[in-house]
Asks: 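Got a structure for you, written out below as structure tokens; questions coming shortly.
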Amino acid sequence: MTTTVPPRRAWATLGVLALAAFAFVTTELLPIGLLTVMAPDLGRSRSEIGVLVSGYAVVVVLASVPLTRLTRSVPRRQLLSGTLVLFAVANAVGAAAPGYAVLAGSRLATALAQALFWSVVSPAVSGLFPVAIRGRVVALFSTGAALAPVLGVPLATWIGQQAGWRTAFGMVAGLALLTAVAAAALVPDYHPDEGGAARGTAPSHRHFTVLLAVTSLGITGFLTLNTYVTPFLLDVSGFGDAALAPLLFVSGAAGVAGTVAVARTLDGHPIGSLLVPLGAGALALLGLAQLGTLPAVAVLGLAVIGAAYASFATAVQNRMLQVAPGSTDIASAGVSTAFNVGIAAGSLVGGVLLPAWGAQSLALTGAVLTVAAFALMWAAGR
């Protein structure tokens, strides 16, 4: 059984949940932008503030599948709106935290909310639309997440610098509460098994396993460089500190463009939509490894990697909706876990290579890993 939703309500729901995705990604990355403000205010080192981001990703990895299994019987409206309420409350507690321990606890609660949100939101959104346009829907939803590094984090960082980091956390809490109310009004009240995307359209254990491996490999490749892109731009490409913000904006804007562009191919060419970003990312990483000392090449490579990373992440979600061997909620949780494993592994690999071999080795290693993901996906597609 599937649920039928009027088109206007379906598109409004898509917009609200894309806004929620924007808020989640902004919150996840916010301590990075406010690190120099939060550390002295809380009396902690910068590395301890950084743990608020790395620890967040670890919680998402560990909690995604268990939480999704635990909430399998909860109707989507209650689950999504309740998750967003928890998200809002956790950010509000973080904004009022008297010290580091309470803030860390609020981040733990926020990470749990994010783990559950990303596990169920893609099937919930795409199931409101016909199968023929689901790729386009996934891309439009992903635009919310892609806009967070470009608009959300810089804006929240500026607000935090002007009015204090607590104000920035409080504003995210307000946005989360707004989306929770809207989700309670718009998301259809149906059981997970009744959603239009509750099952994959072409279920396959083999192809889903390949997708998880490709996701982990590809994201590790991208993040080996992306996590430490600042030292690469400073030490290898020779840019000054003042150029970093505009360069990171270029990368983020390219990510939005990549997400919009891949919308045209997801429905008709799901495998190609995975291969092209992986291939383009590998070439850009290899170019940076060989010619990253040239500023023009560095800017071009940064833009290509930004577009490739965002479009690849969108294509992974679309492919999951096709090959999920059982419940798409559980499959989505698996993909979220694989994605965050890639983030953590990329950070770890880069952290080992950077002091021993320098920033240029990050691009070469990332290229090798991305090529491996491309080869695996190409072989499976054959």
Side-chain angles (χ1 to χ4, degrees), residues 28-36 38-39 44-58 60-61 149 153 157 215-252 254-255 278 280-306 308-310 312-313 338-373:
E28 181 177 6
L29 302 177
L30 195 51
I32 295 175
L34 293 174
L35 189 147
T36 56
M38 296 174 70
R44 296 284 176 156
S45 67
R46 294 183 179 184
S47 60
E48 287 175 305
I49 301 300
V51 169
L52 297 176
V53 177
S54 57
Y56 192 106
V58 171
V60 173
V61 169
V153 175
T157 298
T215 300
S216 292
L217 267 177
I219 297 303
T220 302
F222 282 117
L223 267 294
T224 296
L225 176 68
N226 281 4
T227 307
Y228 304 96
V229 69
T230 296
F232 184 93
L233 293 171
L234 294 175
D235 301 341
V236 177
S237 303
F239 288 103
D241 290 338
L244 291 179
L247 287 170
L248 294 178
F249 177 82
V250 166
S251 177
L278 286 172
L283 288 174
L285 286 164
L286 187 60
L288 288 178
Q290 299 299 315
L291 301 170
T293 54
L294 302 175
V297 173
V299 173
L300 178 60
L302 195 65
V304 172
I305 291 169
Y309 177 80
F312 174 68
F339 201 94
N340 281 278
V341 165
I343 292 174
S347 176
L348 177 62
V349 171
V352 171
L353 290 175
L354 184 61
W357 299 95
Q360 214 153 357
S361 68
L362 305 181
L364 181 59
T365 304
V368 171
L369 291 167
T370 312
V371 167

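Just so you know, these numbers come straight off a predicted model, no measurement behind them. Residue numbers start at 1 and run along the sequence shown.
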Asks: Which pair of heavy atoms, one from F339 and one from A313, lies closest together, and at what distance?
Replies: CE1-CB, 3.7 Å
Asks: Return the set of residues passing side chain to side chain contact (heavy atoms under 4.5 Å, CB included) with A372 (not counting sequence neighbours), or none when no residue passes.
Replies: L217
Asks: Between S361 and L353, which heavy-atom pair has the shortest distance, and what is it?
Replies: OG-CB, 3.8 Å
Asks: Is it the case that the side chain of S216 and the backbone of A338 share a donor-acceptor pair, with hydrogens and angles ignored and the cut-off at 3.5 Å?
Replies: yes
Asks: My understanding is that only one of I219, I305, L302 makes a side chain to side chain contact (heavy atoms under 4.5 Å, CB included) with N226; could you say which?
Replies: I305
Asks: Is L364 close to L286 at the side-chain level, that is, under 4.5 Å between some pair of heavy atoms?
Replies: yes
Asks: Name all residues meeting the ring pair (Phe, Tyr, Trp, His ring centres under 6.0 Å) criterion together with Y309; count only those two or more places apart in sequence or in a different chain, and write none if there are none.
Replies: F222
Asks: For a 4.5 angstrom cut-off between non-hydrogen side-chain atoms, does V371 reach V368?
Replies: no
Asks: What residues form a side chain to side chain contact (heavy atoms under 4.5 Å, CB included) with T220, not counting sequence neighbours?
Replies: T224, A345, L369
Asks: Between V304 and A280, what is the shortest heavy-atom contact and its length?
Replies: CG1-O, 3.7 Å
Asks: Specify the closest pair of heavy atoms between A289 and A363, including all atoms of both residues, with the distance to one decimal.
Replies: N-CB, 3.7 Å
Asks: Say you draw a straight line from CG of L288 to CG of L294; how long is it, rounded to the nearest 0.5 Å?
Replies: 10.5 Å
Asks: What pair of heavy atoms forms the shortest contact from A367 to A282, and how long is it?
Replies: CB-O, 3.8 Å
Asks: So, for A254 and A303, which heavy atoms are closest and what is the spacing to 0.1 Å?
Replies: CB-O, 3.1 Å
Asks: Output all residues satisfying side chain to side chain contact (heavy atoms under 4.5 Å, CB included) with P231, sequence neighbours left out; order by chain, then residue number.
Replies: Y228, D235, L354
Asks: For S237, which residues count as a side chain to side chain contact (heavy atoms under 4.5 Å, CB included) partner, sequence neighbours excluded?
Replies: F232, L233, F239, A298
